[in-house]
Amino acid sequence: MAEIIIVPSKAEAGALVADEIVRLIRATPDAVLGLATGSTPVPVYEALRSRLEGVDVSRVRGFALDEYVGIDPAHPESYRSVITREVVEPLGLTPELIHTPNGALEGIEHAGEDYEEAILAAGGIDLQILGIGTSGHIGFNEPGSSFASHTRVKTLIEQTRKDNSIYFDSIDDVPMHCITQGLGTILRARHLVLLAFGEGKAAAVAGAVEGPVTASLPGSAIQLHPHATVVVDEAAASQLASADYYRYALANKPAWQGI
Ligand code: GLP
């Protein structure tokens with residue numbers, strides 16, 4: 001099963017995951033990061049700023065999980081813009097090495113396949129950062145997504161558009177379609193790190209970690225992965241039946257194991 005780490009705050013979660021990413025980049029200067037958007041990974045990116053000072057990140061490569069279809073890449077809420085603003089610029093990454101799926105309408109039929117090829121050509125993703133939606137989605141893989149799916153166009157459910165409307169003027173401005181790495185794509189990454197904060201994520205986290213493995217809760221796909229780490233605050237952990245065991249296992253974990 002995934003390793004579950006319950007932390008007191010978002011800042012501690014960010015620090016923990018950032019430390020792991022720094023270790024990875026020091027060991028593998030051209031590491032391939034899987035980058036998530038949304039509010040959840042922000043503490044990780046913030047914690048990375050000071051930690052990466054003096055570290056050569058010029059060869060670090062990255063692939064975003066998803067993008068809206070039909071959005072102008074220059075729109076401040078396109079995931080291309082978000083990744084540039086929150087990750088590439090503050091961390092000093094090389095823009096040409098950081099990719100997002102191409103959500104342009106022209107060529108959208110093969111954009112998924114192109115993205116898969118680019119990930120494979122890079123040698124695959126070393127560490128994939130994940131958030132989880134209230135519907136249990138990871139990336140934009142809404143309930144019902146195939147566990148074997150690759151990057152493709154999906155239709156967003158109303159709840160996700162509502163959740164994401166905070167970034168737009170109104171829900172009507174939230175695109176209807178997205179292009180997202182599939183669950184099969186995500187499962188190929190060598191290390192999955194899923195973060196979740198707050199009460200609103202508690203049911204999705206419990207379902208993903210302890211529920212049945214089901215396409216109805218796409219986050220449960222992480223149970224199929226040999227190296228998955230779940231970092232949650234107390235509120236997001238509040239529906240985990242075995243929380244005491246996770247705390248006990250962490251307290252007694254050999255130091256050499258890392259996350
Ligand atoms: C968004 C993104 C996901 C993200 C999730 C949760 O729609 N496509 O990658 O993990 O929903 O968002 P947040 O982290 O803002 O709660």
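What you see is a predicted model, and the numbers here were worked out from it, not measured in a lab. Order of appearance sets the numbers: ligands from 1, and atoms from 1 within every ligand. Count residues from 1 along the sequence.
Heavy-atom contacts of G131 reach the following atoms of ligand 1: 10 (O) (cutoff under 4.0 Å). Every atom of ligand 1 with a heavy atom of G38 under 4.0 Å away is listed here by number and element: 14 (O), 15 (O). Within ligand 1, the atoms closer than 4.0 Å to a non-hydrogen atom of Y167 are 15 (O), numbered from 1 in the order shown.
Contact annotation: for D66 versus ligand 1, heavy atoms closer than 4.0 Å belong to the side chain alone. If you look at Y68 next to ligand 1, there are no close heavy atoms at all, none under 4.0 Å. Using a 4.0 Å cut-off between heavy atoms, N164 contacts ligand 1 through its side chain alone, with no backbone atom that close. Contacts with ligand 1 closer than 4.0 Å are made by no heavy atom of A36, backbone or side chain. Contacts with ligand 1 closer than 4.0 Å are made by side-chain heavy atoms of Y79 only, the backbone lying farther away.
With respect to R247 and E234, a salt bridge is recorded, a charged nitrogen being found less than 4.0 Å from a carboxylate O. In summary, R152 and E113 do not engage in a salt bridge, as defined by a charged side-chain N under 4.0 Å from a carboxylate O.
In terms of polar-atom proximity, T40 is counted as a contact of ligand 1, with an N or O under 3.5 Å from an N or O of the ligand.
Closest to atom 6 (C) of ligand 1 among all protein heavy atoms lies I132 O, 3.6 Å. Taking atom 4 (C) of ligand 1 as the reference point, the nearest protein heavy-atom neighbour is T37 O, 4.1 Å. Among protein heavy atoms, the minimum distance from atom 11 (O) of ligand 1 is reached at H137 NE2, 3.1 Å. For atom 7 (O) of ligand 1, the closest heavy atom belonging to the protein is F140 CE2, 2.9 Å. The protein non-hydrogen atom at the shortest distance from atom 16 (O) of ligand 1 is K201 NZ, 2.6 Å.
Looking at heavy atoms from C-beta onward, L130 lies out of side-chain contact with L195 at the 4.5 angstrom threshold.
D126 pairs with exactly one of R190, R23, R61 by the salt bridge (charged side-chain N to carboxylate O under 4.0 Å, His left out) rule, that one being R190. Each of F168, Y167, Y68 was compared with H75 under the ring pair (Phe, Tyr, Trp, His ring centres under 6.0 Å) criterion, and only F168 meets it.
When the heavy atoms of P41, G139, A204 are ranked by distance to atom 3 (C) of ligand 1, first place goes to G139.
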List the steps and the verdict of salt bridge (Lys or Arg N to Asp or Glu O under 4.0 Å) for R51 and E46.
-> CA-CA 9 Å; R51 284 170 173 76; E46 283 177 354; over 6 Å; no

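No single ILVMFWY cluster, assembled from side-chain heavy atoms under 4.5 Å apart, contains both L240 and L250. Residue I157 is not grouped with residue V69 when hydrophobic side chains (ILVMFWY) are merged at heavy-atom distances under 4.5 angstrom, including chains of intermediate members.
S220 places a side-chain N or O within donor-acceptor distance of the main-chain N or O of T214, the cut-off being under 3.5 Å.
Between S165 and I171, the shortest heavy-atom contact is CB-CA, 3.8 Å.
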